[in-house]
Amino acid sequence: PELTVNGVRLHYEIAGGGDPVVVLHGGMGTARLDFGPQIDLLAREFRVYAVDQRGYGRSEHIDRFPDDYLRQQADDTAAWLDALGVLNALILGFSDGGIVGLYLAIERPDLVRALLAVSASCELDADNMAALESWLPIENWPERWDRWARELAEAHGEPYWRHLLVEFVAANRRIFERGGNYHCDRLHLIRCPVLIVHGGRDRLINPKHAETLHRLIPGSELVVFPECGHNLHRERPEEFNRLMLQFFRKVAGRMGEENGEAEGPGKIYEPDEELDGSADSEDPLRRDKKEGDDQVVSLGSRSFSRARIQR
């Protein structure tokens, strides 16, 4: 179905039944491109609401991103959920979607029962900006990025995706030049449960940002997949899906389903330490392993072990 909110047409899908879960995709993604398998899995026991943000996928196309496009996406998401009568939802957000989820947790706590933020940040720094700008010009993409190009063309259409990518990078450049801060100074206002999940080899958003989120959000928990890049939920889907279900079941008061018990106070799940790094080495969002990277995988607000990641 489609719904017009804030003057723009949004495409979305609803699946399943039960407690509401809202799926928020990342930059240059769509709900299905970023979270297709998770939508289908969650719909077995939750009511899933998944939207393509303005400019993306089957939602209304745009000419350019505004300087505050992430705040705009948060406003669109809130208006969309208000129109559907959705409150107190479990939020699953990836990258930009995680940033949007943080905006909602700060500004519309009535909409957010809990947030699982994957590969998110509260600021855009020089390393992040350099990684984004390495995507341009598209004509210089190496052959190993062909699969990503095909995914973008299928999700957004050809040649529109090329225009969208250029405008996406330009909008982030403007954000960076204004200081790059999204909401670092307001994260202390968040009161809902927040689980932060990040890849230890994320090329786009350095894992230090996950540690910053964990430090600034009261009571938050952090799990690091040390061998994964930005798209960790695609690299290690079984481990991620288990973690996701455990967190949402715990918040919904349904722990114990399918052996989903937590393993102690403040500790949701700890991925296998022996991660073989077999994920796609051609992922443009995954950096090469550096000497000194640890195999530490879990940081929690109460059950705590500190990851030491060399820069």
Side-chain angles (χ1 to χ4, degrees), residues 13 15 21-44 48 50-53 56-57 91-101 115-121 128 131-132 134-135 141-156 161 165 168 195-207 209-210 222-248 268-272 274-289 293 297:
E13 65 174 287
V21 173
V22 174
V23 173
L24 302 175
H25 65 79
M28 294 305 301
T30 68
R32 276 285 165 188
L33 177 59
D34 285 348
F35 281 127
Q38 285 75 30
I39 291 171
D40 296 336
L41 178 63
L42 287 165
R44 297 176 186 176
V48 181
V51 64
D52 289 349
Q53 298 287 3
Y56 291 115
I91 307 291
L92 172 62
F94 167 59
S95 195
D96 275 6
I99 297 169
V100 169
L115 170 64
L116 200 172
V118 184
S119 304
S121 177
N128 188 180
L132 288 171
S134 73
W135 297 352
W141 277 19
E143 186 175 336
R144 65 180 183 273
W145 291 7
D146 284 353
R147 186 179 71 177
W148 190 32
R150 290 192 298 270
E151 288 180 344
L152 294 176
E154 182 177 351
H156 309 298
W161 76 268
L165 182 64
F168 177 75
L195 175 60
I196 303 150
V197 184
H198 215 94
R201 293 167 65 184
D202 190 337
R203 177 173 178 260
L204 184 61
I205 299 178
N206 191 293
H209 293 289
L222 170 60
V223 174
V224 175
F225 286 70
E227 290 291 332
C228 290
H230 195 63
N231 295 309
L232 65 94
H233 56 297
R234 299 179 69 177
E235 294 184 37
R236 306 292 293 195
E238 291 185 6
E239 291 91 336
F240 175 80
N241 290 345
R242 192 186 319 167
L243 169 63
M244 173 187 70
L245 288 174
Q246 286 183 337
F247 178 61
F248 285 159
I268 302 294
Y269 170 70
E270 190 168 286
D272 295 337
E274 295 301 324
L275 298 180
D276 60 13
S278 59
D280 183 9
S281 62
E282 298 177 350
D283 186 345
L285 304 180
R286 184 171 183 265
R287 70 171 175 82
D288 293 334
K289 185 174 182 179
D293 284 2
V297 292

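Not measured: the values here are computed from a predicted model. Values reported hereafter were calculated over all heavy atoms of this structure, with side chains retained and with hydrogens, waters and symmetry mates removed.
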Requested in this report: Please confirm whether the backbone N or O of W135 pairs with a side-chain atom of W141, one donor and one acceptor, at under 3.5 Å?
Outcome: yes
Query raised in the report: Considering only heavy atoms from C-beta outward, does the side chain of I91 approach that of L116 to under 4.5 Å?
Result: no
Query raised in the report: Just wondering, do H156 and T30 contact through their side chains at under 4.5 Å, heavy atoms?
Result: yes
Report summary line: Here the gap from R150 atom CZ to L152 atom CG, rounded to the nearest 0.5 Å, amounts to 11.0 Å
Query raised in the report: Is the shortest heavy-atom distance from the side chain of V118 to the side chain of S95 under 4.5 Å?
Result: no
**Report entry** Ion pair check, R236 and E227, cut-off under 4.0 Å
**Finding:** no
Requested in this report: With rounding to the nearest 0.5 Å, note down the distance linking CD1 in I99 to OG in S119.
Outcome: 10.5 Å
Query raised in the report: Are the side chain of Y56 and the backbone of M28 linked by a donor-acceptor contact shorter than 3.5 Å?
Result: yes
Report summary line: Rounded to the nearest 0.5 Å, the CZ atom of R234 sits from the CZ atom of F240 at a distance of 12.5 Å
Report task. Check whether any side-chain heavy atom of L24 sits under 4.5 Å from a side-chain heavy atom of D34, and report yes or no. Result -> no
Report task. Under the side-chain contact (heavy atoms from CB on, under 4.5 Å) rule, what do L92 and L42 come out as? Steps first, then yes or no, please. Result -> CA-CA 11 Å; L92 172 62; L42 287 165; 4.1 Å; yes
Report task. Look at the aromatic rings of H230 and F94 and report parallel, tilted or perpendicular, splitting at 30° and 60°. Result -> tilted
Report summary line: Taken to the nearest 0.5 Å, the spacing of D202 CG from L232 CG works out to 8.0 Å
Query raised in the report: If you round to the nearest 0.5 Å, how far is CG of L195 from CG of L115?
Result: 8.5 Å
Query raised in the report: Is there a donor-acceptor pair under 3.5 Å between the side chain of N128 and the backbone N or O of N206?
Result: no
Query - Ring geometry between F35 and H233 (parallel below 30°, tilted from 30 to 60°, perpendicular above 60°) - result: tilted
Query raised in the report: Is there side-chain contact between L243 and V197, with heavy atoms separated by less than 4.5 Å?
Result: yes
Requested in this report: Indicate yes or no: at least one non-hydrogen side-chain atom of H198 is less than 4.5 angstrom from one of I205.
Outcome: yes
Query raised in the report: Under a 4.0 Å N-O cut-off, is there an ion pair linking R32 with E151?
Result: no
Report task. State, with a plain yes or no, whether a side-chain heavy atom of N241 is found less than 4.5 Å away from one of E239. Result -> no
Query raised in the report: About how many Å separate CZ of R44 and CG of L245, when rounded to the nearest 0.5 Å?
Result: 9.0 Å
